[in-house]
Engineer: 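Pasting a structure below so you can have a look.
Just so you know, these numbers use all the heavy atoms, side chains as well, and skip hydrogens, waters and symmetry mates. Just so you know, ligand 1 is whichever comes first in the structure, and atom 1 is the first atom listed for that ligand. Since we're looking at a predicted model, the values are computed, not measured.
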Amino acid sequence: MGEIAARAANTAHDVATIASGCTDLARLDDAVAACRACPRLVAWREEVATTKRAAFAGETYWGRPVPGFGPADARIAILGLAPAAHGGNRTGRVFTGDRSGDVLFAALYRAGLANQPTSVAVDDGLALVDTRIVAAVRCAPPDNKPTPLERDTCAPFLRREFELIAPTLRVVVALGAFAWNAWWPTYTAVYGEPLPRPRPAFAHGAVWEGGPATPALLGCYHVSQQNTFTGRLTDSMLDGVLARAVSLAAAH
Ligand code: SF4
């Protein structure tokens with residue numbers, strides 16, 4: 001994150017005002033990291049950062065909202081749900097330091113979209129290629145379940161992030177149904193396009209293409225332990241989705 005002192009958002013109105021005024025990703029990242037607009041999530045992220053998991057007892061948790069990660073001229077966006085309590089909320093980088101991230105970054109590396117297969121800390125040298133990862137909700141929620149109000153309060157950050165990367169963006173990979181559904185209001189807000197009717201349903205491998213001026217949407221089961229440990233999402237399934245994303249990004 002940059003050296004810009006961001007004003008902390010304390011209300012949904014603040015989030016909308018501050019997000020719309022961010023003229024580049026560095027400012028947006030700083031504004032996200034300073035946000036305190038959702039009381040339940042602020043309390044949870046800070047409580048987790050204080051109580052910690054035993055394995056990380058010696059670490060200082062980030063305990064704040066987690067900005068997006070990846071280059072500003074990305075052609076592929078990976079849209080997740082929210083940071084993990086002991087992953088992004090601990091390390092300060094999305095999908096970093098947890099089992100979901102282990103699976104995701106290994107796959108991104110195999111696809112040529114990351115310079116290394118692991119993501120353990122903000123200073124580990126990881127760099128993404130042509131790809132930016134963002135969460136629909138930027139604070140770790142209890143039970144990984146943000147409320148609709150929290151999702152909507154955070155939405156202006158998501159919208160602004162996609163507005164800023166829109167010039168190069170060609171594909172959005174939605175990790176799970178929550179991200180898939182969070183895409184539609186973002187899509188209409190950023191591109192001024194009507195919602196498709198009927199609304200395309202989330203499915204692993206589903207592809208929706210609205211037109212040449214808008215990015216394709218690609219569905220992928222979330223890389224949660226619940227999915228990867230049970231075999232619902234395998235490495236080869238994830239590789240298949242990322243290969244399709246690379247192919248769509250080249251074609252659009
Ligand atoms: S979820 Fe989003 S809007 Fe709510 S406090 Fe976190 S960063 Fe702010």
Engineer: Distance to 0.1 Å, residue and atom name: give those for the protein heavy atom nearest to atom 2 (Fe) of ligand 1.
Structural biologist: Cys154 SG, 2.3 Å
Engineer: Does Asp30 come within less than 4.0 Å of Arg27, counting only side-chain N to carboxylate O?
Structural biologist: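 Answer for the salt bridge query: no.
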Engineer: Taking Asn227 for its side chain and His222 for its backbone only, find out whether a donor-acceptor pair lies under 3.5 Å.
Structural biologist: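 Flag set: sc Asn227 to bb His222 pair under 3.5 Å.
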Engineer: Taking 2.8 Å as the cut-off, does Cys139 contribute an N, O or S atom near atom 6 (Fe) of ligand 1, distance below it?
Structural biologist: yes
Engineer: Tell me the protein heavy atom at minimum distance from atom 8 (Fe) of ligand 1, and give that distance in Å.
Structural biologist: Cys35 SG, 2.2 Å
Engineer: Show me which atoms of ligand 1 lie under 4.0 Å from any heavy atom of Leu41.
Structural biologist: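 So the atoms of ligand 1 that pass are 1 (S).
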Engineer: Between Arg159 (side chain only) and Thr186 (backbone N and O only), is there a donor and an acceptor less than 3.5 Å apart?
Structural biologist: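 No; judged by distance alone, with no hydrogens or angles, the pair does not exist.
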Engineer: Would you please determine whether Ala37 falls within less than 4.0 Å of ligand 1 on a heavy-atom basis?
Structural biologist: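 The answer is yes: ligand 1 sits under 4.0 Å from a heavy atom of Ala37.
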Engineer: Suppose I only count heavy atoms of Val137 and a 4.0 Å limit; which atoms of ligand 1 are within that range?
Structural biologist: 1 (S)
Engineer: Which atoms of ligand 1 sit under 4.0 Å from any heavy atom of Cys38?
Structural biologist: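 Under 4.0 Å from Cys38, ligand 1 has these atoms: 1 (S), 3 (S), 4 (Fe), 5 (S).
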Engineer: Give the numbers and elements of all ligand 1 atoms closer than 4.0 Å to a heavy atom of Pro65.
Structural biologist: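 That gives atoms 7 (S) of ligand 1.
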Engineer: Are any non-hydrogen side-chain atoms of Asp14 and Arg7 less than 4.5 angstrom apart?
Structural biologist: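 Side-chain contact under 4.5 Å: yes.
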Engineer: Using a strict threshold of under 4.0 Å (side-chain N to carboxylate O), is an ion pair present between Arg132 and Glu161?
Structural biologist: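 Yes.
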Engineer: Thr118 versus Asp124: any side-chain heavy-atom pair under 4.5 Å?
Structural biologist: no
